[in-house]
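Notes to accompany the following structure.
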2 protein chains.
Amino acid sequence: MTVSRVINNTGRISVDTRKRVLSIMKEMNYVPNSMARSLVKQESRILSLLITDITNPFYTSLARGAEDAARQLGYRLLLANSDESIAKEKEYIETVLSARVDGVLFAPAGDDSLPNLRKLKKQNLPLVLLDREVPGIDCDMVLGDSKDGAKRLTEHLISLGHRRIALLNGASTVSTARLRREGYEDALKLHSLPFRSDYMAEANYRMGVTDTLVDRLMQMPEPPTALFAANNFLALGAIRALLNKGYRVPEDLSVVCFDELEAGFVVDPFMTVIAQPAYEFGYTGIQMLVDRIQDKAPAGWRRIMLPSELHVRKSSGEARFSFFDNE
Amino acid sequence: MTVSRVINNTGRISVDTRKRVLSIMKEMNYVPNSMARSLVKQESRILSLLITDITNPFYTSLARGAEDAARQLGYRLLLANSDESIAKEKEYIETVLSARVDGVLFAPAGDDSLPNLRKLKKQNLPLVLLDREVPGIDCDMVLGDSKDGAKRLTEHLISLGHRRIALLNGASTVSTARLRREGYEDALKLHSLPFRSDYMAEANYRMGVTDTLVDRLMQMPEPPTALFAANNFLALGAIRALLNKGYRVPEDLSVVCFDELEAGFVVDPFMTVIAQPAYEFGYTGIQMLVDRIQDKAPAGWRRIMLPSELHVRKSSGEARFSFFDNE
DNA sequence: TAGTTTAGAGTTATCGATAACCCTAAGAGG
DNA sequence: CCTCTTAGGGTTATCGATAACTCTAAACTA
């Protein structure tokens with residue numbers, strides 16, 4: 001009726017009627033029902049963002065970027081958290097589909113997210129993948145340079161004299177973990193260092209590292225002198241375990257990792273990291289998504305790779321040489 | 001039609017028809033439209049959570065708690081972030097009202113959130129306030145013991161021999177800032193220490209502290225020997241500024257604060273803090289909200305105060321006495 | 001056997017907003 | 001004076017799911 005015309009500023013309305021409507025709206029505390037509107041308009045102007053760990057600063061920064069972009073483009077954001085669980089992801093997909101959001105920004109838990117993603121694609125819902133690729137899914141993506149970053153981080157350790165570098169990786173069902181391993185291996189090869197499978201360990205990106213994992217590494221006949229952790233939380237878990245056991249970082253073991261540890265403020269930054277532009281992941285992702293929704297995107301899938309930066313800090317130090325080995 | 005009966009398991013459906021419907025649903029990739037359902041049911045089973053800073057671990061832990069509780073109770077969570085801005089808060093309120101969520105869990109930016117909150121109450125929307133009170137709003141609340149916590153933190157400093165303790169507080173339009181100041185003053189009084197207004201500074205909970213603020217304190221004729229920061233980010237900002245200027249913590253200035261710095265993992269925890277049970281804030285808040293929605297709540301408003309814990313760590317040390325003053 | 005249940009499924013109205021169409025009176029134009 | 005335009009605003013159908021009702025056989029009861 002006339003109210004709709006006033007709210008949306010469409011059609012012809014006399015100044016008088018408009019005033020009358022507005023004043024009655026105020027008087028009644030009228031608030032339009034966006035569900036009813038979406039039902040007829042067939043669009044909700046809501047985008048959905050799924051992240052895998054809301055306590056990880058990488059994802060909270062990403063969320064802020066997504067939020068800012070969405071706000072600027074006139075969309076609202078439905079934020080959810082999968083805890084790296086495929087099952088929660090599935091639940092969430094159902095929610096999102098039945099809520100008829102206009103598009104989804106999706107940081108998948110891993111390769112096993114495939115069926116979940118297929119379900120989205122079947123509904124023809126615009127989709128942008130974040131941070132991780134999933135084999136079998138073609139769509140727009142915003143990725144980091146995992147391979148190159150891992151290579152740089154490993155080379156940094158090598159340049160400090162380290163020859164025995166362990167890799168504490170995420171699950172191999174996650175694309176970033178695979179790529180980080182490749183980068184690590186590339187760096188070893190490039191410097192003619194052997195790849196040793198006993199220097200490899202694997203854990204969930206979200207979980208702390210069990211002390212036993214660290215024990216195993218440190219109690220080898222030739223323990224590593226440096227540890228490359230594939231993400232920030234793995235590094236924290238490892239360092240905590242090391243300190244508990246009485247080891248010192250970096251004196252006994254240098255530790256480096258992917259991703260900053262804190263969102264913004266850092267007191268006396270400790271960790272040597274490859275920092276990814278988390279905010280831009282979210283911001284760019286939303287831009288790509290909205291382009292796609294509004295048919296402004298090119299026909300083919302876009303694959304944006306954001307650069308990262310090496311920050312050398314205190315957690316990585318010069319290697320101590322062989323005379324320490326038999327200590 | 002019959003489909004609805006199948007989906008909701010209501011009414012009488014023959015086994016045969018049910019199978020037929022289900023198979024066609026699968027074949028068509030049918031997904032029910034929850035907006036249409038909400039429209040007629042007059043409930044959405046969506047709750048909304050507004051936090052003021054998504055990058056602050058206090059709020060991300062809180063969000064996880066809220067999410068877990070919501071999931072367990074059969075609700076979904078719409079998460080948003082006000083950045084401590086009343087204007088964003090207002091936008092968000094409008095979104096939430098027009099989305100017809102079933103209830104709102106609200107961490108207000110401050111006393112100026114009053115009009116925003118009134119708008120919610122006018123619609124009779126179940127509401128639970130988190131962390132901060134707002135004068136003029138009566139509703140269920142989950143709070144921390146700001147006053148007592150501040151008192152304990154201040155007394156901890158006093159017990160270390162500090163006599164000149166500065167307070168770096170949040171804006172006085174935020175209830176927690178006022179209470180933390182009260183606790184601080186109580187502790188001073190209790191130990192017959194003078195309250196000095198030149199030891200007070202105020203900044204936004206979200207912002208870094210400007211270096212000038214720290215400069216002002218440290219360049220006083222009688223500079224403080226300890227600093228009580230009213231939240232974690234203020235403490236981080238202060239410490240960063242101090243380190244930049246060449247001061248050491250705790251040697252030159254002890255620093256303590258409210259709230260943990262990191263969500264879960266802490267490497268070699270540094271900061272002496274009053275830790276609040278952030279997860280429980282969210283979890284309890286959702287429980288109270290759902291009770292209210294389902295009319296299981298008592299008639300009067302509930303006001304739950306969650307206890308907090310003092311963790312003494314390295315950022316606070318013994319006071320150095322007068323012979324240092326004229327150094 | 002006649003009347004009454006009942007299982008199973010179809011019909012209609014509804015939630016609130018909007019698209020598309022229609023209606024009326026005043027003013028414009030010849 | 002009559003026709004035509006147009007401003008302003010009312011009507012109806014629609015989005016998709018559900019509540020409440022109806023309908024039709026078959027089954028059951030007395």
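A note on names: the letters A, B, ... follow the listed sequences, proteins ahead of strands, and every chain is numbered from 1. On a predicted model such as this, the values are computed, not experimentally measured, just so you know.
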Considering only heavy atoms and no angle criterion, is a donor-acceptor pair shorter than 3.5 Å present between the side chain of A:Arg18 and the base of D:dG8? no

Is any side-chain nitrogen or oxygen of A:Asn8 closer than 4.0 Å to OP1 or OP2 of C:dT18? yes

Please enumerate all residues that pass salt bridge (charged side-chain N to carboxylate O under 4.0 Å, His left out) together with A:Arg303, with sequence neighbours excluded. A:Glu133

Expressed in angstrom and rounded to an integer, what is the separation of B:Gln123 atom CD from C:dG16 atom P? 13 Å

C:dG16 base to B:Arg100 side chain: any donor-acceptor pair below 3.5 Å? no

Would you say the side chains of B:Asn9 and B:Arg18 form a donor-acceptor pair under 3.5 Å? yes

Under a 4.0 Å heavy-atom cutoff, the residues of residues 28-43 of chain B touching DNA chain C are B:Leu39, B:Val40, B:Gln42

With sequence neighbours excluded, tell me which residues meet salt bridge (charged side-chain N to carboxylate O under 4.0 Å, His left out) with A:Arg71. A:Glu67, B:Glu91

A:Glu84/A:Arg132 ion pair, N-O < 4.0 Å: yes

Whole angstrom value for the distance that separates P of C:dG16 from CZ of A:Arg5: 20 Å

Which pairs of donor and acceptor atoms, one on a side chain in residues 105-121 of chain B, lie under 3.5 Å apart (sequence neighbours left out)?
unit_1: B:Asp111; atom_1: OD1; unit_2: B:Arg178; atom_2: NH2; d: 3.4
unit_1: B:Asp111; atom_1: OD2; unit_2: B:Arg178; atom_2: NH1; d: 2.6
unit_1: B:Asp111; atom_1: OD2; unit_2: B:Arg178; atom_2: NH2; d: 3.3
unit_1: B:Ser113; atom_1: OG; unit_2: B:Glu89; atom_2: OE1; d: 2.7
unit_1: B:Ser113; atom_1: OG; unit_2: B:Glu89; atom_2: OE2; d: 3.2
unit_1: B:Ser113; atom_1: OG; unit_2: B:Ala109; atom_2: N; d: 3.2
unit_1: B:Ser113; atom_1: OG; unit_2: B:Gly110; atom_2: N; d: 3.3
unit_1: B:Ser113; atom_1: OG; unit_2: B:Gly110; atom_2: O; d: 3.0
unit_1: B:Asn116; atom_1: ND2; unit_2: B:Ile86; atom_2: O; d: 3.4
unit_1: B:Asn116; atom_1: ND2; unit_2: B:Glu89; atom_2: OE1; d: 3.0
unit_1: B:Lys119; atom_1: NZ; unit_2: B:Glu94; atom_2: OE2; d: 3.2
unit_1: B:Lys121; atom_1: NZ; unit_2: B:Asp138; atom_2: O; d: 2.5

Between the protein and nucleotides 5-8 of chain C, which nitrogen or oxygen pairs are less than 3.5 angstrom apart?
unit_1: C:dA7; atom_1: OP2; unit_2: B:Arg12; atom_2: NE; d: 3.2
unit_1: C:dA7; atom_1: OP2; unit_2: B:Arg12; atom_2: NH1; d: 2.4
unit_1: C:dA7; atom_1: OP2; unit_2: B:Arg12; atom_2: NH2; d: 3.2

Decide yes or no for A:Leu130 and A:Leu62: does some side-chain heavy atom of the first lie under 4.5 Å from some side-chain heavy atom of the second? yes

Establish, from distance only, whether the side-chain atoms of A:Asp16 and A:Ser14 form a donor-acceptor pair under 3.5 Å. no

Acceptor/donor pairs from residues 43-51 of chain B side chains to any protein atom, 3.5 angstrom cut, sequence neighbours excluded:
unit_1: B:Ser44; atom_1: OG; unit_2: B:Ile46; atom_2: N; d: 3.2
unit_1: B:Ser44; atom_1: OG; unit_2: B:Arg100; atom_2: O; d: 3.0
unit_1: B:Ser44; atom_1: OG; unit_2: B:Asp102; atom_2: OD1; d: 3.2
unit_1: B:Arg45; atom_1: NE; unit_2: B:Gly74; atom_2: O; d: 3.1
unit_1: B:Arg45; atom_1: NH2; unit_2: B:Leu73; atom_2: O; d: 3.4
unit_1: B:Ser48; atom_1: OG; unit_2: B:Tyr92; atom_2: OH; d: 2.4

